[in-house]
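Before any comments, here is the structure.
Start at 1 and go down the list; that is how both ligands and their atoms are numbered. Atoms considered below: every heavy atom in the structure, side chains included; atoms not considered: hydrogens, waters and symmetry mates.
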Amino acid sequence: MSHRPRIRVLLVEDSPDDAELIQLLLDKSVDGRFVVAHENRLAKGIARLTHDRFDVVLLDFSLPDSFGLDTFLSVQQAAPRVPIIVLTSLDDDELAATAVREGAQDYLVKRETDTRLLVRSIRYAIARQAADDALRSSEERFALAVEGANDGLFDWDLRADTIYFSPRWKRMLGCAEHEIGPSPREWFDRIHPDDEPTFRRKLCAHLDGDSEHFRLEHRIRAADGSWLWVLTRGLAVRGPDGKPSRMAGSQSDVTARKRAEEKLQHDALHDDLTGLANRVLFMDRLACALAEVERSPASHFAVLFFDLDRFKNVNDSLGHPLGDKLLRGIARRLEHYLRPGDTLSRIGGDEFAILLNRVSEVPGAIHVAERIQELLGMTFSIDGNEVFVTASIGIAHSATGYRSPDEIMRDADIAMYRAKAAGKARYEVFDRDMHQSAVALLKLETELRLGVQNNDFAMHYQPIVDLASGRIVGFEGLVRWLHPERGIVSPNSFIAIAEETGLIVPLGWWVLEESCRQTRRWQDLYPSDPPLFISVNVSGKLFVKRGIVDRLAGVLEDAGLAPSSLRLEVTENVVLEHVDVALENLRQLRGLGIQLSIDDFGTGYSSLSYLQRFHYDQLKIDRSFVSRLGQGTDSRAIVETILGLASNLGIGVVAEGVETAEQAERLRQMACPHGQGYWFSRPVAAEAAGNLLAAGPGWFSGAGDLPA
Ligand code: C2E
Ligand code: MG
Ligand code: MG
């Protein structure tokens, strides 16, 4: 009989007769093998339950130490998972029914029970308990999962239009259980107005069966009025007709993640230092503004691009931390002034850009530009320093017609450079002409780069003449660009760009090498005493570079030219703008024996006293004084003064731009030692210059070489 399942029964019954009866009934069973433990007191029964395992409890209600429902509840509490069958006498039927409502599996009236009834009741009790357990544990698992996922739940009865919100759902919004009723309005009215249209659209789509599930991240208002970011997921349950009857789902709080994302996004779009929009964001806003203009031509806008004048000075003199504070101060002041729809952005360094919305005409933008100048002109007091700044502002207006944000920025930038070039602390409005010249400039820049790469240059030489004897004592080397389409291009058209782009450095060195080599060849062919010299123009960019003297020494050595045969021509400004490096370079040049000429003397802003301070070897009187010599003006006096001073200081003089016999004659009378100009010869190619030398003392017939 061992195949019959063994069922452990705890019988709590104080009446020995009743206990014996039950035992007998169970013994007779053929369906199961019942192992009965008998206790006659509640306390003993409970003690037994806590030590041994039972499949079922048969419990008499009236025991010497307990009576009624309490008896049942005590046992249930002691062993919540063990099914209980209550045994009653006929007269406490009512009580037994209550016990079943409280969770007893069944009740049996003693003495009216037979084996079949008793065994069946026990079997059902055990089976039901197992099912209850399974359900409960799955419910618990579910509850745990939900709790663990931190989700709130909703269950919307679409037919009744009522909705169940789980406690967690309500708590998420900071609401107490009773504060949210069962109406869907409780939900929809809390959704952020900006998210509501999407919410509705997606919800309808899902209810109409157009989407597999509902899923949306949106904001929802919490009890304290703050906005939470939540992820709502839902699934509709449909009837046989396909119509939704219910929709259930969850809501998770994703605020923290959203905030982190927002911060990342904010950081990616804003400038660290000032908190203003950065270039990326600015360009994005610009793109929006452009699109807006396309939609409605009335929505014109303007871009103000500006750069602080001499901000580097502030940084250098007061230190970077102060410079940073100044930038922040500027940001705050301008931000305060601008309208809410406008975008102020720090593009980088000391460059700012402003997008002014709804500016129908240029004067509106000019007004803002002027106001910005004023605002910047008011002192900023930073750490006890009074600082004020000026800015050069470029203005571009959308009415000019733009297709891309880059185009607008480019034009605002061009206008800003115009403003800088025109003397700073001012604004310029972009116009088409600026664009034309900027494009031309860019083209020139590209071509020049190519020219330097391909070495499309040649040196021309213009004689420098001893005015007393008419002999050629040296040449000035003047570079020419052999442009593939435009032919020979004058340095006036490209030296400035070469300087701006840095191309002047490789070009400058080529000029020096070529001129020195050529001069050495001429010295060999046409020896003279002192030997022929070469005067080479040197750009400030090159001249103020450290280490140029070493390289120059190398160039001279390679060419085999004595340093005393080389004169470097620099303009006054070059030296003045970089006094420290210039002085050091000058000292070293002199040490080497190279000579130094000051070019275009009289046109710069240096005074005569600098002549002495920098120990120039020669000065070249600018053409403008020479050309006015014959006109009976003060020029004569000026030239005489210069000559007198130079002779006192022991400085050589070359008069530039001698165009007539009369000018040459006057200069000779004033004892000006050297002259140079079209009257003697235009600058010519090396071969032609060589021919002039070959002709010897009679090279110059006095015919002059003036333009036709
Ligand atoms: P600069 O150094 O003052 O050179 C004299 C300029 O005056 C030359 O123009 C020359 O052709 C011109 N000139 C000479 N005699 C007369 C005359 O009688 N009347 C008139 N109206 N002009 C005369 P160029 O060759 O066009 O050079 C212009 C400027 O370009 C030069 O002025 C110089 O500053 C710069 N430059 C020329 N070559 C170089 C170079 O190799 N390197 C650098 N950095 N600058 C150069
Ligand atoms: Mg010169
Ligand atoms: Mg000159």
How does [X] reach ligand 1, by side chain, by backbone, by both or by neither, if only non-hydrogen atoms under 4.0 Å count?
{"X": "Glu569", "value": "side chain"}
{"X": "Glu656", "value": "side chain"}
{"X": "Asn537", "value": "both"}
{"X": "Arg682", "value": "neither"}
{"X": "Arg480", "value": "side chain"}
{"X": "Gln676", "value": "neither"}
{"X": "Thr571", "value": "neither"}
{"X": "Val536", "value": "neither"}
{"X": "Val479", "value": "both"}

Within ligand 1, which atoms have a heavy atom of [X] less than 4.0 Å away?
{"X": "Gly657", "answer": "16 (C), 17 (C), 18 (O)"}
{"X": "Val511", "answer": "41 (O)"}
{"X": "Pro683", "answer": "11 (O)"}
{"X": "Asn492", "answer": "26 (O), 28 (C), 29 (C), 30 (O)"}
{"X": "Glu659", "answer": "17 (C), 18 (O), 19 (N), 20 (C), 21 (N)"}
{"X": "Gln462", "answer": "14 (C), 15 (N)"}
{"X": "Pro491", "answer": "24 (P), 25 (O), 26 (O), 27 (O), 28 (C), 30 (O), 36 (N), 37 (C)"}

Got [X] and [Y] here, is their nearest side-chain heavy-atom distance under 4.5 Å?
{"X": "Leu507", "Y": "Trp481", "value": "no"}
{"X": "Leu503", "Y": "Phe494", "value": "no"}
{"X": "Ile472", "Y": "Tyr461", "value": "no"}

If the threshold is 4.0 Å, N to carboxylate O, is there a salt bridge linking [X] and [Y]?
{"X": "Glu569", "Y": "Arg567", "answer": "no"}
{"X": "Arg346", "Y": "Asp271", "answer": "yes"}
{"X": "Arg517", "Y": "Glu514", "answer": "yes"}
{"X": "Arg520", "Y": "Asp524", "answer": "yes"}

Nearest option to atom 23 (C) of ligand 1, as decided by whichever heavy atom of Trp510, Phe543, Tyr678 sits closest: Tyr678
Closest approach of Ala302 to Ala365 (non-hydrogen atoms, all atoms of both residues): CB-CB, 3.7 Å
Nearest heavy atoms of Pro697 and Arg471, plus distance in Å: CG-NH2, 4.3 Å
contact_flag Ser490 ligand 1 heavy-atom lt 4.0 Å: yes
Whether Glu476 lies under 4.0 Å from ligand 1, heavy atom: yes
Glu476 OE2 and Glu569 OE1 subtending at the Mg ion (ligand 2) (10° steps): 90°
OD2 (Asp599) - the Mg ion (ligand 2) - OD1 (Asn537) angle, nearest 10°: 80°
Distance-only N or O hit between ligand 1 and Trp679, under 3.5 Å: no
Asn454, CG atom: more than 12 neighbouring heavy atoms under 6.0 Å: yes
Arg682 to Tyr678, cation-pi by 6.0 Å centre distance and 45° axis angle: yes
Parallel, tilted or perpendicular: ring planes of Trp679 versus Phe700, cut at 30 and 60 degrees: perpendicular
Trace of the side-chain contact (heavy atoms from CB on, under 4.5 Å) decision for Ile504 with Leu542: CA-CA 7 Å; Ile504 194 68; Leu542 197 73; 5.6 Å; no
